[in-house]
Amino acid sequence: MALVLAVDGERWRGHLRGYAEATPGLVPVAKGNGYGFTLGRLARKAAWLGADTLAVGTYEELPEVAGRFPGDLLVLTPWRSFHPAPDASLERRVVHTVSRPDDLGGLLAAQPGARFVLELRTSMRRHGMSAQELWGLGSDGARALRGGRLEGVALHLPLAAGRHLAEVERLLTDLVAAGLPTRTVWVSHLTAAELTTLRSSYADLEIRPRIGTDLWLGDRDALRVTATVLDAHPLARGDGFGYRGRTAPRDGTLLVVSGGTAHGIGLESPKGEAGLKARAAVVARSGLDAMGLTRSPFWVDGKQRLFAEPPHMQASMLFLPADAAVPEVGDRVDARVRYTATTFDRVDVG
Ligand SMILES: *Cc1c(COP(=O)(O)O)cnc(C)c1O
């Protein structure tokens, strides 16, 4: 028993279905730790949803999903000569992202006939070519595309729910002006309302929203993360414990739970009271400020508890004050973690 992500399968699948039905052109994104679910599971779910394209973060992730999802595979990291080339068996399914004009020649030399999208730079400034560069490729016409298959233009927008329309309209105007032989635009981080507006103002464009978080993690009530209580030791004020020989600030219990740095458990809890002032208040209220204890992501007896010392590799030591009910060894306690940064020992889909 360890750090476990338990999924209410019926509820989760219901959310996925509903989300996909409400999102025409949806391109599910499966990258990194698979948003906590693993890449393989997301690939199978994307197939079950009937998606025609799955987006992955990197070329290295392709083998994880290729056997579990039968459709096209869009790689979000822009093509560079130093990335590993996809397996030859995937050449017809992989859609590359080209973010610099010069890379197009490189890609097509490495893989004649490759499928690709051209990434246009947004206010993110992460990757992407300028409108001028896009126009350059467009004015070169078919010559620039050199036998490759242009699958559209990609935009990666910052997280600014509901405030993208002006920027996207400007970019789409650039795109239309470039005169490229494509009508498909791949976008991120637009709200449903923004997507609807764009579809009606640019009725001739096909809009493909790439979505990860809101799809996979959009119904948090379907998800529960728990850790197992591995040990509980009564502590009297002044008792020493831990790697650093700290002493207990007052009477209580040292609770050892599964989940540590190897799982991505860090000193900061993502949820709850944010900000230094609020954090200071939590610590002061608990009377542990002298110890410099920090909040853990673990909840025991209805409250978010403090680390007794920084998390270990596979377990964490928490300080439970004397007034808290002490769980039994083997009991499960709730943990609030960042799904995209946590490696679970197990994912149970019920
Ligand atoms: C991660 C990513 C997405 C999906 O982002 P979410 O916030 O998880 O929906 C879309 N596009 C690109 C380029 C990305 O890297």
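Reckoned from all heavy atoms, side chains included, excluding hydrogens, waters and symmetry mates. All ligand and atom numbering here is 1-based and tracks the order in the structure. All figures in this text were calculated on a predicted structure; none of them were measured in a lab.
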> Asp204: what forms a salt bridge (Lys or Arg N to Asp or Glu O under 4.0 Å) with it, not counting sequence neighbours?
Replying inline: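 By the salt bridge (Lys or Arg N to Asp or Glu O under 4.0 Å) rule, Asp204 matches Arg183.
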
> Counting from 1, what ligand 1 atoms have a heavy atom of Ser188 closer than 4.0 Å?
Replying inline: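 Taking each heavy atom of Ser188 in turn, ligand 1 has 10 (C), 11 (N) under 4.0 Å.
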
> Which of the atoms in ligand 1, numbered in the order shown and given with their element, are less than 4.0 Å from a heavy-atom of Arg126?
Replying inline: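 Counting from 1, the qualifying ligand atoms are 13 (C), 15 (O).
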
Who's the nearest protein heavy-atom neighbour of [atom], and how far?
atom	result
atom 1 (C) of ligand 1	Lys31 NZ, 1.4 Å
atom 8 (O) of ligand 1	Tyr35 OH, 2.5 Å
atom 5 (O) of ligand 1	His189 NE2, 3.2 Å
atom 12 (C) of ligand 1	His156 CE1, 3.2 Å

>> Under a 3.5 Å threshold, yes or no: a donor from one side chain and an acceptor from the other, between Thr122 and His156?
In response: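 No, no side-chain donor-acceptor pair sits under 3.5 Å.
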
> Is His127 touching ligand 1 with its side chain, its backbone, both, or neither, if touching means heavy atoms under 4.0 Å apart?
Replying inline: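 Within the 4.0 Å criterion, His127 makes no contact with ligand 1.
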
Looking only at N/O atoms, are [X] and ligand 1 under 3.5 Å apart anywhere?
X	answer
Gly212	yes
Arg210	yes
Thr213	yes

> In Å and rounded to the nearest 0.5 Å, what is the CG to CG distance from Leu54 to Leu26?
Replying inline: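 The CG atom of Leu54 sits 10.0 Å away from the CG atom of Leu26.
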
> Quick one: CG on Leu254 to CG on Asp239, what's the gap to the nearest 0.5 Å?
Replying inline: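 Interatomic distance, Leu254 CG to Asp239 CG, rounded to 0.5 Å: 9.5 Å.
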
> Aromatic rings Phe37 and Trp12: how do their planes relate, parallel, tilted or perpendicular, breaks at 30° and 60°?
Replying inline: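 Judged by the thresholds at 30° and 60°, the geometry between Phe37 and Trp12 is parallel.
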
>> Can you tell me if Asp214 contacts ligand 1 (heavy atom of the residue under 4.0 Å from the ligand)?
In response: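 No, Asp214 has no heavy atoms under 4.0 Å from ligand 1.
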
>> Could you walk me through whether Glu309 and Arg244 satisfy the salt bridge (charged side-chain N to carboxylate O under 4.0 Å, His left out) test, starting with their C-alpha distance in whole Å, then the side-chain angles of each, then the deciding distance to 0.1 Å, before giving a yes or no?
In response: CA-CA 8 Å; Glu309 72 166 358; Arg244 291 164 178 79; 3.6 Å; yes

> Any side-chain hydrogen bond (donor to acceptor under 3.5 Å, both in side chains) pairs touching residues 94-121, not counting sequence neighbours?
Replying inline: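 side-chain hydrogen bond (donor to acceptor under 3.5 Å, both in side chains) check on residues 94-121 returns Tyr59-His96, Asp72-Arg115, Arg80-Ser99, Arg80-Asp103, His96-Gln111, Arg100-Asp103, Arg115-Glu151.
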
